[in-house]
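Computed over heavy atoms, backbone and side chain alike; hydrogens, waters and symmetry mates excluded. As the structure lists them, so they are numbered: ligands from 1, and atoms in each ligand from 1. Numbers for residues simply follow the sequence, beginning at 1.
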Amino acid sequence: ARHGGYTQLAEPSKQVRKIPRSIHDISNGDHILGFGAELAEDHPGYHDEEYKKRRSYIGDLAKLHKIGEPIPCLEYTDEEIKIWGDILEKLTQLYPTHACKRYLDTFQLFNFVPDRLPQLQELSEVLMMRTGWQIRPVAGLLHPTDFLNALAFRTFHSTQYIRHGSNPMYTPEPDVCHEILGHIPLLADPEFANVAQVIGMASLGASKEEIWHLTKLYWYTVEFGTVKERDGVKAFGAGLLSSFGELEHMLSGEDGYMPIFEDLDPFKKLPKMNYKDGFQKKYFLCESFSDVASKLTAYARSLQRF
Ligand code: TIH
Ligand code: FE2
C-alpha cells in the first residue's frame, strides 16, 4: 500500500484486480455468476417458486457469513434430506468400483448416513484438523478468479442449498450434495489438498487468459479427474463422485457413447468444458495425486510468478 499509487501509475491496465494476500481480501458475494436465485429457463427448478425462495434464503445467509465465524446451521426439510439420502445410497453402491482408493479412505472418515444431511460447519472442522482447509459458504457460482484464488489460502467455497428433486442423478451446477460427497472427502487427503492449492497459487495475479486455462485445469482434475489404478480407471473428480449418472457414464458409456480418456498435460490446450449441457465427452487421466501436483507445479512455474 505504501507505493500503491506509484505501482498503479507504472502499470496502468495490467492488473485490474488487486492480488489477494489472505482470504480476507476475497469476497464471497461480490462476483456471483448465474445460478443465484435467478434460475435459467432450462433449470429443473425453474417453475418451482418454493424451491427458488428456499435458494435465495440460503444464498442470503451465505452472503452474511464472515471468515472466522461458524457457518450457520441449516435446518433441512424432510424433502431435502430425502434427496440427500437417495443420492448417498445410489453413490455408495458405485464407489467401490468407480471411486479411487484415496476417496474410499477419506470417505470413511465422515460416517455419512442417509437420514441426516451434514452441516458445513462440522465438515469444515474435520478438514481444518486434517489438512488445514476451511469451508466458506457461497450463494452460487463464484467468479473463477475469486474461486481459484481462495484455494491458495486453503479455502473452499461451498454452496449450501440442495439440487432440485426432479433429477437427483445429475445437476448442472454445484449443490450441497456435490460439495459434501464430491469435494469434501478428498480435501481431507493431504496430497489431494496440495493439488487444489497448487492451482490456487498459480491463479494469484494471473492474467485473464491464464485464469481461463487454470479454470480448465481445475475442471479436468478437481472436478472431473480420473486416475489409473491397478484394476482400471477410477474417478477422483468431484463432478463424477457426486453424480451417479455421470459416474456410471464414465465407465460404461451406456447412454450412447463411450467417453474418451487422455493423459493430462497441463501445457496443452484443453477442450471446452461441458457446462450445463450434460456429461463430459473427454476425461483426463492422472498417474497419482503427487504426479499431477508436480505437473501442475511445473506449469505454474512456467507462469514465472514464483
Ligand atoms: N454434475 C454434478 C452433480 O450432478 O453432482 C455437479 C457439478 C459438477 C461440476 C459442475 S456442476
Ligand atoms: Fe465442484
Engineer: Looking only at heavy atoms of E246, does any of them come nearer than 4.0 Å to an atom of ligand 1?
Structural biologist: no

Engineer: I135 vs I71, test: side chain to side chain contact (heavy atoms under 4.5 Å, CB included). Steps then yes/no.
Structural biologist: CA-CA 8 Å; I135 297 170; I71 304 168; 4.1 Å; yes

Engineer: Quick one: does ligand 1 sit under 4.0 Å from the side chain of W219, the backbone, both or neither, non-hydrogen atoms only?
Structural biologist: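 Contact part for W219 vs ligand 1: side chain (C-beta onward).
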
Engineer: What are the atoms of ligand 1, with element, lying closer than 4.0 Å to any heavy atom of Y170?
Structural biologist: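 Reading through ligand 1 atom by atom, the close ones are 1 (N), 4 (O).
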
Engineer: Determine whether the aromatic ring centres of Y103 and Y95 lie less than 6.0 Å apart.
Structural biologist: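 Centroid separation for Y103 and Y95: below 6.0 Å.
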
Engineer: Quick one: ring-ring contact (aromatic ring centres under 6.0 Å, His included) partners of H178, sequence neighbours excluded?
Structural biologist: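 Only H183 meet the ring-ring contact (aromatic ring centres under 6.0 Å, His included) criterion with H178.
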
Engineer: Please report which non-hydrogen protein atom sits nearest to atom 2 (C) of ligand 1, along with the residue it belongs to and the distance in Å to one decimal place.
Structural biologist: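 Minimum-distance protein heavy atom for atom 2 (C) of ligand 1 reads T171 O, 3.5 Å.
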
Engineer: Where do E173 and R163 land on the salt bridge (charged side-chain N to carboxylate O under 4.0 Å, His left out) test, with the steps shown first?
Structural biologist: CA-CA 8 Å; E173 54 176 342; R163 66 192 62 192; over 6 Å; no

Engineer: Any N/O of S242 closer than 3.5 Å to an N/O of ligand 1?
Structural biologist: yes

Engineer: Should you measure from each heavy atom of R163, which atoms of ligand 1 turn up under 4.0 Å away?
Structural biologist: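 Those atoms are 3 (C), 4 (O), 5 (O).
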
Engineer: Checking a contact table here: which protein heavy atom is nearest atom 9 (C) of ligand 1, and how many Å away?
Structural biologist: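 Of the protein heavy atoms, E223 OE1, 3.6 Å lies nearest.
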
Engineer: So which N/O/S atom does E223 have closest to the Fe ion (ligand 2)?
Structural biologist: OE2

Engineer: Please determine if the Fe ion (ligand 2) has an N/O/S atom from E179 lying under 2.8 Å away.
Structural biologist: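 No, since none of the N, O or S atoms of E179 sits under 2.8 Å from the Fe ion (ligand 2).
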
Engineer: Any idea how W133 and F156 line up, ring-wise: parallel (<30°), tilted (30 to 60°), or perpendicular (>60°)?
Structural biologist: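 Tilted.
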
Engineer: Quick one: does P172 get a heavy atom under 4.0 Å from ligand 1?
Structural biologist: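 It does, in that a heavy atom of P172 comes within the 4.0 Å cut-off of ligand 1.
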
Engineer: Crowded around R130 CZ? As in, over 12 foreign heavy atoms under 6.0 Å?
Structural biologist: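 At most 12 heavy atoms, drawn from other residues, nucleotides or ligands, come within 6.0 Å of this atom.
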
Engineer: Find, among atoms of H183 that are N, O or S, the one nearest to the Fe ion (ligand 2), and state its name.
Structural biologist: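 Going through the N, O and S atoms of H183 one by one, NE2 ends up nearest to the Fe ion (ligand 2).
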
Engineer: Using the ring centroid of each side chain, check whether F112 and F107 are separated by less than 6.0 Å.
Structural biologist: yes

Engineer: For K216 and F284, run side chain to side chain contact (heavy atoms under 4.5 Å, CB included): C-alpha distance rounded to whole Å, both residues' side-chain angles, the deciding distance at 0.1 Å, then the answer.
Structural biologist: CA-CA 11 Å; K216 286 183 169 183; F284 285 86; over 6 Å; no

Engineer: Looking only at protein heavy atoms, which one is nearest to atom 8 (C) of ligand 1, and what is the separation?
Structural biologist: H178 CE1, 3.4 Å

Engineer: Considering heavy atoms of the protein only, find what lies nearest to atom 11 (S) of ligand 1 and give residue, atom and distance to 0.1 Å.
Structural biologist: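 Nearest protein contact, heavy atoms only, for atom 11 (S) of ligand 1 is E173 C, 3.4 Å.
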
Engineer: Measure centre to centre between the rings of F279 and Y170, then say whether the value is under 6.0 Å.
Structural biologist: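 Ring centroids of F279 and Y170 are less than 6.0 Å from each other.
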
